[in-house]
Visitor: 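Attaching a single structure in structure tokens format; questions to follow.
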Amino acid sequence: MIATPDRTPLPRDFFDRPVLEVAPDLLGRVLIRTTPDGPIELRLTEVEAYDGPNDPGSHAYRGRTNRNGVMFGPPGHVYVYFTYGMWHCANLVCGPEGRASAVLLRAGEITEGAALARRRRLSARNDKELAKGPARLATALGVDRALDGTDACAAGETPLRILTGASVPTHQVRSGPRTGVSGDGGVHPWRFWVANDPTVSPYRAHTPRRRRS
DNA sequence: TCTAGGATATACT
DNA sequence: GTATATCCTAGAA
């Protein structure tokens, strides 16, 4: 065995599987965000599955729009959406192509480039909060709509890539209801996280907003 | 420690 | 007009 970390991207076949197989298998894998100031690496600790046509909680449930077009494309690409008027969230598209299923990257541990991440996340009180939540993760990595459609499996230069390497053992994977999803979409235990990991975001049930005055 | 409310793009009614 | 795959701050407890 070779002791050096494997810098090879995951093969596209990895994502060309049902999203419920891919999601737990992503836990523990490492994302590399290449920025002009240097790389930021993140180890995934929490994800959520969204299964296009059968899933009322999915952005793709009501068909293709300008925003969600990447979900309908080939697996292994990054779908980035802008929400609540302020935040970005990153997903990895799963197969088969056209099914429009994806995994939302909910939280992770910054394993390299923490100084760069802190600069983008000034409100974080400690390093465990740098990517504790989907919008925080995107902010820490500097992910926005400009990265929508990025191929995370590309071998060459790419702003965002996911590496091969060990996922966490099955006995450390936990699952439960998805966060912040309303209606029938909240019943599925399609949120997956690493047991006892301090970077996993706290569960919040869906709370409807009150009307503005 | 907890809760309420604000910020406001995008899609849908 | 209303809801949302969210986060942050202020003020109460």
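Keep in mind the model is a prediction, meaning the values are calculated, not measured. Note on naming: letters A, B, ... go to the chains in the order of the sequence lines (proteins, then strands), and numbering restarts at 1 for each one.
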Visitor: C:dT4 C1' sits how many Å from A:Y81 OH, rounded?
Guide: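 So the OH-C1' distance, A:Y81 to C:dT4, works out to 9 Å.
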Visitor: Provide, to the nearest angstrom, the distance between the CZ atom belonging to A:F82 and the C1' atom belonging to C:dC7.
Guide: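 Distance, rounded to whole Å: 12 Å.
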Visitor: Across the strands shown, which category fits A:T179 at heavy-atom distances under 4.0 angstrom: base, sugar-phosphate, nothing?
Guide: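 Since only primed, P, OP1 and OP2 atoms lie under 4.0 Å of A:T179, the category is sugar-phosphate.
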Visitor: Round to the nearest Å and state the distance from A:R145 atom CZ to B:dT10 atom P.
Guide: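 My rounded result for the distance is 7 Å.
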Visitor: List in chain and number order the residues that pass salt bridge (Lys or Arg N to Asp or Glu O under 4.0 Å) with A:R43, two or more places apart in sequence or in another chain; answer none if no residue qualifies.
Guide: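 Partners of A:R43 by the salt bridge (Lys or Arg N to Asp or Glu O under 4.0 Å) criterion, ordered by chain and then number, come out as A:E109, A:D197.
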Visitor: When you group the ILVMFWY residues by side-chain heavy-atom contacts below 4.5 Å and let the links chain together, are A:F82 and A:Y50 in the same group?
Guide: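 No, A:Y50 and A:F82 fall in different hydrophobic clusters.
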Visitor: Under a 4.0 Å threshold between the charged nitrogen and the carboxylate oxygen, would A:R7 count as salt-bridged to A:E41?
Guide: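 Here A:E41 pairs with A:R7 in a salt bridge, since their nearest N and O are under 4.0 Å apart.
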Visitor: Tell me every residue that passes ring pair (Phe, Tyr, Trp, His ring centres under 6.0 Å) with A:Y79, counting only those two or more places apart in sequence or in another chain.
Guide: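 Result, ring pair (Phe, Tyr, Trp, His ring centres under 6.0 Å) vs A:Y79: A:Y81.
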Visitor: Enumerate, in order of first residue number, the stems that involve DNA chain C, defined as 3 or more consecutive Watson-Crick or G-U wobble pairs with both distances under 3.5 Å.
Guide: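 Stems (3+ consecutive pairs) listed as B:1-7 with C:6-12, B:9-12 with C:1-4.
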Visitor: B:dT10 P sits how many Å from A:Y79 OH, rounded?
Guide: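 Taking OH of A:Y79 and P of B:dT10, I get 11 Å after rounding.
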Visitor: Measure NE2/A:H188 against P/C:dA5 and give the value in whole Å, please.
Guide: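 Distance, rounded to whole Å: 14 Å.
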Visitor: Tell me which residues in residues 92-118 of chain A lie within less than 4.0 Å of DNA chain C, going by non-hydrogen atoms.
Guide: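 Only A:L104, A:R106 qualify.
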Visitor: Calculate the interatomic distance between A:E46 atom CD and C:dA5 atom P; express it in whole Å.
Guide: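 It is 15 Å, rounded to the nearest whole Å.
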Visitor: Examine the base of B:dA9 for any acceptor or donor lying under 3.5 Å from a partner atom in the side chain of A:Y84, and report the outcome as yes or no.
Guide: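 No such pair is found, so the answer is no.
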Visitor: Answer yes or no for this row: A:Y50 ring on C:dA5 base, centroids under 5.5 Å, planes under 30°.
Guide: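 Stack criterion met.
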Visitor: Which pairs, protein N/O on one side and nucleotides 11-13 of chain B N/O on the other, fall under 3.5 Å?
Guide:
residue	atom	partner	partner atom	Å
B:dA11	OP1	A:T65	OG1	3.3
B:dA11	OP1	A:R67	N	3.1

Visitor: Holding to side-chain hydrogen bond (donor to acceptor under 3.5 Å, both in side chains), I want the full list of residues that pass it with A:R29, two or more places apart in sequence or in another chain.
Guide: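 Result, side-chain hydrogen bond (donor to acceptor under 3.5 Å, both in side chains) vs A:R29: A:D25.
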Visitor: Measuring from the side chain of A:M86 (C-beta onward, heavy atoms only), which nucleotide among C:dA5, C:dC7, B:dA7 has the closest atom?
Guide: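 Selected nucleotide: B:dA7.
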Visitor: Among all residues two or more places apart in sequence or in another chain, which pass the salt bridge (Lys or Arg N to Asp or Glu O under 4.0 Å) test with A:E112?
Guide: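 Per chain and number, A:E112 pairs via salt bridge (Lys or Arg N to Asp or Glu O under 4.0 Å) with no residue.
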Visitor: Is there any protein nitrogen or oxygen under 3.5 Å from a nitrogen or oxygen in nucleotides 8-11 of chain C, and what are the pairs?
Guide:
residue	atom	partner	partner atom	Å
C:dC8	OP1	A:R121	NH1	2.6
C:dC8	OP1	A:S123	OG	2.6
C:dC8	OP2	A:R136	NE	2.9
C:dC8	OP2	A:R136	NH2	2.5

Visitor: Does A:L105 form a side chain to side chain contact (heavy atoms under 4.5 Å, CB included) with A:L31? I'd like the steps, not just the answer.
Guide: CA-CA 10 Å; A:L105 309 180; A:L31 278 173; 3.6 Å; yes
Visitor: Mind checking side-chain hydrogen bond (donor to acceptor under 3.5 Å, both in side chains) for A:R119 and listing every partner two or more places apart, or none if nothing turns up?
Guide: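 Listed in chain order: nothing, the list is empty.
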Visitor: State which residues pass side-chain hydrogen bond (donor to acceptor under 3.5 Å, both in side chains) with A:R67; sequence neighbours excluded, sorted by chain then number.
Guide: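 A:R67: no side-chain hydrogen bond (donor to acceptor under 3.5 Å, both in side chains) contacts found.
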Visitor: Minimum heavy-atom separation for A:C89 and A:T83, please, with both atom names.
Guide: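 Of all heavy-atom pairs spanning A:C89 and A:T83, the closest is SG-CG2, 4.4 Å.
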Visitor: Determine, for A:E48 against A:R178, whether the closest basic-nitrogen to carboxylate-oxygen distance falls under 4.0 angstrom.
Guide: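 Result for this pair is no, no salt bridge flagged.
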Visitor: Can you check the distance between C:dA5 and B:dT3, where both ends of the measurement are the C1' atom (answer in whole Å)?
Guide: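 Taking atom C1' in both C:dA5 and B:dT3, they lie 22 Å apart.
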Visitor: Could you go through the side chain to side chain contact (heavy atoms under 4.5 Å, CB included) check for A:D51 and A:R99 one step at a time?
Guide: CA-CA 8 Å; A:D51 190 16; A:R99 189 180 176 86; 2.8 Å; yes
Visitor: Starting at atom OH of A:Y203, determine the distance to atom P of C:dC7, rounded to an integer number of angstrom.
Guide: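 That distance rounds to 15 Å.
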Visitor: Linking directly or through intermediates, with side-chain heavy atoms under 4.5 Å: list the remaining ILVMFWY members grouped with A:W193, chain and number order.
Guide: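 A:V200, listed by chain and number.
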Visitor: Does any pair with a residue in residues 145-154 of chain A pass side chain to side chain donor-acceptor pair (under 3.5 Å), and if so which ones, sequence neighbours excluded?
Guide: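 Listed once each, the pairs are A:R12-A:D151, A:R145-A:D148.
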Visitor: Whole angstrom is fine here: how far is it from CG in A:D51 over to P in C:dA5?
Guide: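 Going from A:D51 (CG) to C:dA5 (P), I get 16 Å.
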